[in-house]
Each structure stands twice: as structure tokens, then as C-alpha cells.
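Each chain gets a letter, A, B and so on, in the order the sequences are listed, and its residues count up from 1.
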Protein chains: 2
Amino acid sequence: MNASTEPANGQVVIGLNAVIVAIIEEQPKVLVVQHTSETLTAQHETLTERTALPHNNRHEALPFGPFYPLKHRTLESGLRSWVEEQTDHEIGYVEQLYTFGNEGRDPREEAAGARLVSVGYLALVQDTAPTAIENAVWQDWYRFFPWEDWRDGPPTILESDIIPALRKWIEQAENNIEQKDRYERTCITFGLDDTPWNDELVLERYELLYEASLVAERQDSLDKGDISNQHGTAMALDHRRILATAIGRLRGKIKYRPVVFELMPPTFTLLQLQKVVEALSGSLLHKQNFRRLIEKKGLVEATGKIETQTGGRPANQFRFRREVLMERQTLGI
Amino acid sequence: MNASTEPANGQVVIGLNAVIVAIIEEQPKVLVVQHTSETLTAQHETLTERTALPHNNRHEALPFGPFYPLKHRTLESGLRSWVEEQTDHEIGYVEQLYTFGNEGRDPREEAAGARLVSVGYLALVQDTAPTAIENAVWQDWYRFFPWEDWRDGPPTILESDIIPALRKWIEQAENNIEQKDRYERTCITFGLDDTPWNDELVLERYELLYEASLVAERQDSLDKGDISNQHGTAMALDHRRILATAIGRLRGKIKYRPVVFELMPPTFTLLQLQKVVEALSGSLLHKQNFRRLIEKKGLVEATGKIETQTGGRPANQFRFRREVLMERQTLGI
DNA sequence: ACCACTTATACTAATATTGAGCATAATGTG
DNA sequence: CACATTATGCTCAATATTAGTATAAGTGGT
């Protein structure tokens with residue numbers, strides 16, 4: 001065993017996982033790496049292959065970049081450098097999400113006696129040109145979480161499928177206390193029985209489904225092949241959990257910080273802005289109130305130019321007033 | 001060089017830094033390790049010593065625990081186990097703050113060709129018995145950030161000292177653009193010229209002072225010995241930055257999640273609860289509105305018992321309804 | 001030119017929330 | 001018993017939010 005390539009016992013290797021988000025045609029997209037065969041290109045780092053590829057070698061994964069202690073001054077600069085290098089996109093906004101150090105996250109690393117610690121990042125980009133990342137494509141994020149999109153009313157999969165399965169899971173609890181606990185958590189996360197739906201609980205919902213063995217990532221989930229796409233497309237390792245963290249965080253953040261603008265082109269109409277917010281939050285907004293809110297916050301100013309391709313009356317084009325960025329502005333929705 | 005003890009080139013070592021918060025006599029306290037001499041006790045891990053001790057060996061530091069990949073299943077369980085072991089306190093709440101991978105954070109690690117990555121955690125404890133951590137004591141957190149405590153009105157140090165120094169720094173900008181930038185950021189963070197004070201910008205304020213060479217941690221800060229205690233007590237390495245992150249995060253969090261209760265005893269009066277919130281946010285609240293808010297949220301229920309040591313009319317004792325914990329409850333203040 | 005259709009934008013009424021304060025209740029103390 | 005002290009109930013105005021109606025300004029078709 002060579003110490004410089006193969007980690008010694010009890011050591012740690014750091015990887016950077018990026019949830020790279022963009023809006024394409026008013027849909028929320030996330031950059032995912034797809035692997036359709038065992039064939040691996042040799043260009044990637046050993047680490048990249050190890051993490052991006054799940055055991056069964058079939059799932060989509062979040063793009064992954066290694067952290068080189070000797071090359072990168074900080075973790076964030078490491079992330080920025082490899083993302084910008086590989087995607088040619090300028091990153092408007094980067095936020096550290098969470099650092100996962102879970103045992104068993106990557107069995108191959110474990111076997112070598114090392115632990116893979118992955119730092120998850122959320123990156124927002126405006127430009128969506130094709131990337132240089134191997135096999136990377138933009139995917140609608142609701143493909144992985146179909147129950148999170150309420151823009152066309154309550155998702156059918158909820159009533160027809162998930163809620164019944166969860167009720168069954170509640171019934172199957174070992175004892176009364178456990179049953180009550182399951183019921184209450186389901187109420188809160190999935191808005192059962194009059195409890196209102198909370199768009200920020202993306203991670204909590206995913207984890208409840210995981211606990212109830214209703215997602216394919218769970219090893220003991222029933223009829224795996226079937227469930228894999230039924231309850232959203234599965235991802236490699238715990239990448240769907242990281243994505244859920246990102247979506248929940250972003251949904252929370254747009255309510256009190258002006259991060260939406262990082263996803264917008266330089267100028268935009270108020271309806272375009274609204275559609276983006278709706279795409280992220282997965283719900284519809286009242287148009288007149290939305291524009292009143294936006295205008296009151298003073299985050300935006302008219303450019304004087306007019307957008308005529310609206311399909312109706314032409315709209316004013318606005319620009320984000322980047323000057324006020326630092327202030328803890330509320331963009332409540 | 002032995003690969004199993006001495007990290008090889010380009011490798012990474014992970015440390016867990018904990019901001020452990022408790023309320024003692026209505027003051028916000030944080031557990032800090034004090035080192036008054038060069039003498040090191042042999043009981044600590046090499047890593048602990050390396051990180052807890054600054055170069056000049058004089059500053060206070062946040063307690064530090066190593067992450068053992070072979071022993072700890074997750075990062076959080078690693079943190080919980082060493083904190084609970086060393087403090088004998090039960091941790092009510094743990095939140096990951098941020099993962100710092102800054103170059104030059106620990107020169108000794110760097111010299112050995114390794115990078116220290118530290119994961120910062122915020123931990124809230126109720127019980128405040130003496131701890132088993134070497135030299136650890138509870139310190140009022142406003143000792144490190146005297147400008148953050150507005151409970152007795154605007155802190156004198158601000159008007160008398162910090163604001164003038166910042167104005168001077170703004171004046172000294174190289175050009176007009178830089179000057180305007182400095183002025184705007186100072187307005188936003190320190191509430192200059194009518195801009196309202198924002199209690200959450202703890203980190204941003206500290207970093208502005210750092211940039212203006214007004215804190216002792218900055219190597220080129222003017223007359224170091226003097227400034228060290230004038231603008232708050234300095235800490236080792238970037239620990240004051242981690243503490244600022246923790247305070248800002250906690251101040252933000254109590255506004256929309258019921259985390260205060262993790263710092264409360266099992267039963268408490270509404271005034272006690274208010275005092276704790278005030279201690280954390282560093283500002284005073286309107287009493288009647290506070291209780292109206294708390295009661296409306298339904299996070300709390302009367303126990304029926306009565307507290308008679310109030311100094312006036314006896315008060316009802318309340319208990320936190322832990323059942324509603326998961327719900328994204330708003331405890332707006 | 002006129003129509004149907006689409007989107008933009010102004011304005012309004014009803015309701016809820018918030019901020020500030022008054023009034024009263026219940027205790028201990030000199 | 002006056003008085004200081006804290007608890008708690010209640011009001012009132014200012015402000016914000018929700019859910020509309022009404023009107024403006026374009027498009028394309030006939």
C-alpha cells in the first residue's frame with residue numbers, strides 16, 4: 001500500500017458535491033451526471049469515479065470535484081474552480097449546504113480503511129450552455145421529487161400513491177406510541193388531514209419516505225425495480241438527500257434573502273421573475289401581490305426598456321439592484 | 001515519515017469545533033478553553049493542542065474534538081460523543097454551522113504538508129455544571145463582541161470608539177468607488193446614518209472590523225496589545241469568526257424555529273423565556289406582545305404550577321410542547 | 001376598423017398582524 | 001395599608017396581507 005495514493009487507516013478524504021441549479025424555460029434544473037454503462041472514461045480522478053458511481057452503477061449522481069489541499073486555498077475556492085473550469089458557467093452564488101461524514105457512504109473507501117467526507121454545496125448559475133462535465137445534463141429537479149411540484153394543483157402521485165402507502169406504514173407500527181409518532185410526522189411533512197403543506201420540508205419528506213422504505217435508495221424497499229421511478233427517480237449514494245437539502249434550503253432562502261436574482265438574466269419582466277420563484281417553490285403566487293411586494297422591497301428597478309414578446313400588453317424590463325445585496329432584505333412570498 | 005501518524009502530502013485532517021452555548025443567570029455563555037501558560041497537559045490529543053493553541057499562546061479558544069473516522073459513525077455523532085463525554089452535559093440541540101478549510105489556519109499542520117479542515121458546530125445545553133474539559137470555563141459571549149449587546153441601549157463602545165474608527169477607515173479608502181463601498185457596507189452592518197441595526201449580522205460586522213484592522217486577530221492591526229481587549233477579547237485562530245457565525249445563526253434561528261427551549265429548564269415563566277431570548281438577540285422586547293406571540297404559537301402550555309419567587313405577582317410556569325418540534329413553527333420576535 | 005385574446009398594471013375592500021400602551025391583578029415589604 | 005414589583009388582560013391605531021375588480025396596452029384574425 002502506497003501512502004500517497006491509498007489512504008492509510010483512519011484517514012480522511014474530502015470531496016465536494018455540487019448541486020448546480022439553473023432555470024431553463026421556467027423549469028428548475030439541476031446538473032446531474034448520468035452513467036449508462038460500466039465504461040469509465042479515464043480522464044476523471046479516482047475519487048470522482050468512486051463517488052459518482054453507485055454500487056449498481058445505474059443511478060444518476062451529482063457532479064463531484066475533489067478537494068486538493070495543496071492547490072485550493074479554501075473549500076469554496078476549490079468548488080468554484082472546478083465548477084467554473086468544467087462548466088464554463090460563471091457561478092453567481094455559492095452556499096455551503098452541509099458536510100456529510102456518514103459511515104458506509106462509499107463502501108470502496110471504507111474497504112481501503114479511509115473515510116470519505118463530502119461537503120455539499122449549492123451553486124446558482126444563470127447561463128446554461130452545455131458543460132464540459134462528462135455525461136452531465138440538466139434535469140428537471142421534480143423528476144427526483146414529483147410530489148414537490150404543486151404548480152398544477154396537488155400532485156396526483158400524492159393522493160393516488162404516496163399518501164395511501166404512508167397510511168399503511170402508519171398502520172403497521174409496532175405499538176401505539178410509534179404509531180402516533182408516525183402519524184404526527186406524516187401530518188407535518190405531508191400535510192395530512194388539514195395540516196397545511198410546507199414547501200420547505202423537502203428533506204424531511206424524503207427522509208420520511210426513506211424511513212417508510214418507499215424510495216429506491218433504501219436497500220430493503222419493496223419491489224425495487226418498480227419503486228425506483230414511481231416515487232421519483234433514484235440517485236447514487238445519498239445524492240438525492242443532498243439535493244433535497246438544497247431544494248429545501250433554497251426554498252427557505254428566497255423568502256428572506258434576494259437569491260432568486262442569481263438565477264435571472266440581467267434584465268427580466270416581473271412575470272418572468274414570478275415564474276422563477278414559482279418554479280423553485282413549487283407553488284403558484286398571486287400576481288398583483290407579488291409585484292407589489294417586489295416593488296416595495298426596492299430590490300429591483302425599471303430599466304426603461306420594454307419587453308414586447310409577452311403575448312399581451314408589453315411589460316417593463318427590470319434589473320436587480322445589486323447594490324443592496326448585503327442587507328438582510330426580505331423577499332417574502 | 002510514517003504514513004499512519006504523520007499525514008502525507010496533500011492530506012486532510014478533520015477537527016470538530018464546538019460553540020457550546022448555555023444561559024447562566026440570564027446571560028448568554030459560551031464554553032471556552034483558556035490557556036495561560038506554555039505548559040501543556042499531556043492528556044490531550046496532538047490535534048487538540050495544535051488547534052486550541054494559537055501562535056502566541058495567549059488567547060482563549062473554542063473547545064476542539066478530533067474526528068476519528070474509525071470510531072465515529074457520523075461527524076455529528078463524533079461531536080456528540082466527545083462533548084457529552086467531556087462536559088457531562090446532555091446536548092439538547094446540535095447544528096452544523098460551517099466547514100472551514102482555510103489555508104494557513106494552522107501553520108503547524110501546513111508545515112507537515114497537511115490541511116486541517118474544521119467543522120464548526122453549535123450546541124445548546126441546559127445544564128451548566130463544571131466540565132471535564134481542561135481549563136474550560138463559561139464566558140459571557142458579549143465579552144468577545146461588546147458591540148452586540150443592545151439590552152442597555154446602544155453600546156457605548158460603538159459611538160465612542162468603533163464608529164469613529166470605521167469612519168476614519170472609510171475616509172482612508174484609495175479611491176471614490178472603494179470609499180462608497182466601505183461606507184455602504186458600514187451602513188448596513190453597523191447601522192450608520194439611520195440604517196436600522198440588524199442583530200443577525202454578527203459575522204458581517206466582525207469581518208468588517210477585521211478588514212478595517214480593528215480586531216486583534218488581524219496581524220497588521222494597529223497597536224495590538226491595546227486593541228486586543230478594546231474591541232472585544234480576541235480568540236485563537238479564527239475561533240472568534242466561528243463564534244460570530246454561531247451567534248448570528250442562533251439569532252436568526254430563534255425567529256423562525258423553536259430552538260430557545262433547548263436552553264430552558266423543564267419549566268419556566270414567560271418572563272424567564274423572554275429574558276433568554278433577549279440575552280441571545282441582544283435587544284429588549286415588548287413584554288405583552290412577546291407573551292401574546294408565544295401563546296398564539298401554541299409552543300408552550302401552562303403546567304398549572306406557580307412560581308412565587310418573582311418579586312411581584314406570582315407567575316404561571318410553562319412547559320415546552322416538544323410534540324410540535326418538527327413543524328416549521330415561527331417564533332418570530 | 002373591429003374583435004377576441006393575452007398580459008400588464010392600478011386600485012380597493014376585507015382581514016390579519018404588529019407595535020405601543022393602559023388598566024387591573026396578585027404578590028411581598030416597610 | 002401604601003407601595004413597589006411583576007403578571008396578565010385588553011384596546012387601538014398603524015401596517016401588512018389576501019383576494020379580488022377594473023382598466024390599459026399590446027397581439028393576431030377577420
Side-chain angles (χ1 to χ4, degrees), chain A residues 25-26 150-151 153 196-199 254-256 264 267-279 281 283-319 328-333, chain B residues 25-26 150-151 153 196-199 254-256 264 267-279 281 283-319 328-333:
Chain A
E25 289 163 8
E26 299 180 347
W150 286 60
R151 285 174 297 174
W197 179 268
N198 183 329
D199 66 5
I254 53 173
K255 288 176 192 159
Y256 62 98
M264 303 299 298
T267 74
F268 46 84
T269 70
L270 291 185
L271 186 59
Q272 281 165 354
L273 182 63
Q274 181 180 348
K275 294 279 188 197
V276 171
V277 173
E278 289 175 340
S281 72
S283 61
L284 296 181
L285 302 170
H286 184 279
K287 187 169 173 174
Q288 295 93 319
N289 292 344
F290 178 78
R291 51 172 37 249
R292 177 180 56 191
L293 183 79
I294 296 296
E295 286 176 337
K296 190 181 56 179
K297 298 297 173 196
L299 290 169
V300 119
E301 68 189 356
T303 61
K305 278 185 288 185
I306 295 245
E307 168 68 57
T308 54
Q309 306 301 306
T310 58
R313 171 176 170 176
N316 274 312
Q317 286 186 331
F318 290 82
R319 153 178 57 226
R328 186 123 334 177
Q329 287 276 0
T330 306
L331 179 55
I333 336 188
Chain B
E25 289 163 10
E26 299 181 346
W150 286 60
R151 284 174 296 174
W197 179 267
N198 184 329
D199 67 7
I254 54 172
K255 288 176 192 157
Y256 62 97
M264 303 299 298
T267 75
F268 47 84
T269 69
L270 291 184
L271 185 59
Q272 282 165 353
L273 182 64
Q274 182 181 346
K275 294 280 187 195
V276 171
V277 172
E278 289 175 339
S281 72
S283 61
L284 296 181
L285 302 170
H286 184 280
K287 187 169 172 174
Q288 294 92 321
N289 292 346
F290 179 78
R291 49 171 40 249
R292 176 178 57 188
L293 184 78
I294 296 295
E295 285 177 337
K296 190 181 57 181
K297 298 298 173 196
L299 292 169
V300 119
E301 69 189 356
T303 60
K305 277 185 287 184
I306 295 250
E307 167 67 57
T308 54
Q309 306 301 304
T310 57
R313 171 173 170 177
N316 273 313
Q317 287 188 330
F318 290 82
R319 153 179 56 227
R328 187 123 333 179
Q329 286 278 357
T330 306
L331 178 56
I333 334 190

With no hydrogens and no angle check, is any side-chain donor or acceptor of E307(B) less than 3.5 Å from a backbone partner on P314(B)? no
Spacing of F268(B) atom CZ relative to dA7(D) atom P, expressed in whole Å: 14 Å
Using only atom types and a distance under 3.5 Å, with no angle test, would you say the side chain of Q317(A) pairs donor to acceptor with the backbone of G304(A)? no
Using modelled atom types only, decide if a donor and an acceptor are shared between the side chain of E295(B) and the backbone of R292(B) within a distance under 3.5 Å. no
What is the separation between atom CZ on F290(B) and atom P on dT8(D), rounded to the nearest whole Å? 13 Å
Between dT17(D) and Q288(A), counting only base atoms on the nucleotide and side-chain atoms on the residue, is there a donor-acceptor pair under 3.5 Å? no
What is the per-nucleotide protein-contact pattern of nucleotides 1-7 of chain C, from the 5' end, where B denotes a base atom under 4.0 Å from a protein heavy atom, S denotes such proximity for sugar-phosphate atoms only, and - denotes neither? -----BB
What one should report as the nearest heavy-atom pair of L284(A) and R151(A) is CD1-O, 3.2 Å
Toward the 5' end of DNA chain D, which comes first, R292(B) or N289(A), by nearest nucleotide? R292(B)
Between C1' of dG21(C) and CG of L285(B), the distance in whole Å: 16 Å
Please report, rounded to the nearest Å, how far the C1' atom of dA8(C) is from the NE2 atom of H286(A). 14 Å
Just how far is it from atom CZ of R291(B) to atom NE2 of H286(B), taken to the nearest 0.5 Å? 12.0 Å
Are side-chain heavy atoms of V277(B) and F290(B) found at a separation under 4.5 Å? yes
Would you say K296(B) reaches dT18(C)'s phosphate, i.e. side-chain N/O to OP1/OP2 under 4.0 Å? yes
Separation of Q309(B) atom CD from dT5(D) atom C1', in whole Å? 14 Å
In whole angstrom, what separates L293(A)'s CG from dA10(C)'s C1'? 17 Å
Can a salt bridge be assigned to the pair E301(B) and R319(B) using a cut-off of 4.0 Å between side-chain N and carboxylate O? yes
Rounded to whole Å, please give me the gap between CD in E307(A) and P in dA8(C). 9 Å
Would you tell me if any nitrogen or oxygen in the side chain of N316(B) comes within less than 4.0 Å of OP1 or OP2 on dT8(D)? yes
Interatomic distance where CZ belongs to R291(A) and P belongs to dA19(D) [whole Å]: 18 Å
